[in-house]
Amino acid sequence: MADQVKHVAIPIVDAQSSRVVGGFCASLDAVTEAELAALQRLRELRAAADTVKARLSAVSDPTERAVLRQQLVALRQEAGQWREAREQATREKHIALGHASPPIQTPHDSCDP
């Protein structure tokens with residue numbers, strides 16, 4: 001996926017008349033390796049969950065159904081961790097690109113009189 005770059009045409013709009021007066025092309029390839037890794041793992045987890053769901057619908061044994069449900073719970077938990085990792089990687093990228101400011105951390109005891 002890293003070698004596939006998506007190009008988009010971005011219009012330039014005149015502020016006075018709201019007319020499109022030109023445009024330029026931009027590539028949307030600013031995805032970090034950490035984001036790509038998280039997205040890939042999320043795809044793998046979704047495929048695994050689909051497989052478990054298909055097996056769950058085909059199985060009637062209560063014990064096996066319980067095991068499959070536990071597998072789904074584990075997959076959902078891992079997916080949640082990978083979603084958080086992707087969001088963190090995106091925040092870090094935005095900070096590095098200057099689109100966001102790093103969080104300001106102040107000690108809580110500084111508010112004491």
Side-chain angles (χ1 to χ4, degrees):
M1 177 163 178
D3 58 348
Q4 297 176 348
V5 177
K6 182 175 181 181
H7 295 280
V8 294
I10 300 173
I12 299 173
V13 179
D14 179 49
Q16 302 295 329
S17 65
S18 298
R19 292 182 315 129
V20 176
V21 294
F24 64 92
C25 290
S27 62
L28 299 177
D29 60 350
V31 180
T32 65
E33 289 298 319
E35 288 174 301
L36 286 174
L39 289 170
Q40 179 60 36
R41 185 64 185 142
L42 285 167
R43 284 187 201 102
E44 292 167 0
L45 290 169
R46 186 178 323 134
D50 289 344
T51 301
V52 172
K53 287 177 189 177
R55 286 178 46 208
L56 187 60
S57 66
V59 171
S60 60
D61 178 46
T63 304
E64 191 171 349
R65 290 180 64 79
V67 169
L68 292 171
R69 283 193 194 105
Q70 279 303 111
Q71 288 177 2
L72 277 177
V73 168
L75 289 169
R76 287 182 184 131
Q77 289 173 344
E78 186 178 352
Q81 293 169 347
W82 280 102
R83 275 191 293 279
E84 289 176 16
R86 185 200 52 82
E87 290 168 4
Q88 179 62 31
T90 301
R91 279 191 294 276
E92 290 172 2
K93 175 184 71 177
H94 286 179
I95 290 168
L97 292 173
H99 299 305
S101 299
I104 299 172
Q105 297 181 357
T106 59
H108 295 288
D109 58 29
S110 66
C111 297
D112 292 337

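- A donor-acceptor pair under 3.5 Å is absent between the side-chain atoms of R65 and the main chain of S60, judged by distance alone.
- Interatomic distance, CD of E78 versus CG of L42, reported as 9.0 Å (0.5 Å rounding).
- Linking ILVMFWY side-chain heavy atoms closer than 4.5 Å, directly or via other members, places I95 and V31 in two distinct hydrophobic clusters.
- Between the CZ atom of R43 and the CH2 atom of W82 there is a distance of 12.5 Å, given to the nearest 0.5 Å.
- Defined by atom type and a distance below 3.5 Å, a donor-acceptor pair is present between the side-chain atoms of Q88 and E92.
- In this structure, R86 CZ and R91 CZ are separated by 9.5 Å, a value rounded to the nearest 0.5 Å.
- No more than 12 heavy atoms of other residues, nucleotides or ligands shown are found within 6.0 angstrom of CZ on R46.
- K53 pairs in a side chain to side chain contact (heavy atoms under 4.5 Å, CB included) with only one of the listed residues (L68, L72, L75), which is L72.
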Could you please spell out the steps behind the side-chain contact (heavy atoms from CB on, under 4.5 Å) verdict for L45 and R41? CA-CA 6 Å; L45 290 169; R41 185 64 185 142; 3.5 Å; yes
Could you check E33 against L36 for side-chain contact (heavy atoms from CB on, under 4.5 Å), going step by step and ending with a plain yes or no? CA-CA 5 Å; E33 289 298 319; L36 286 174; 4.2 Å; yes
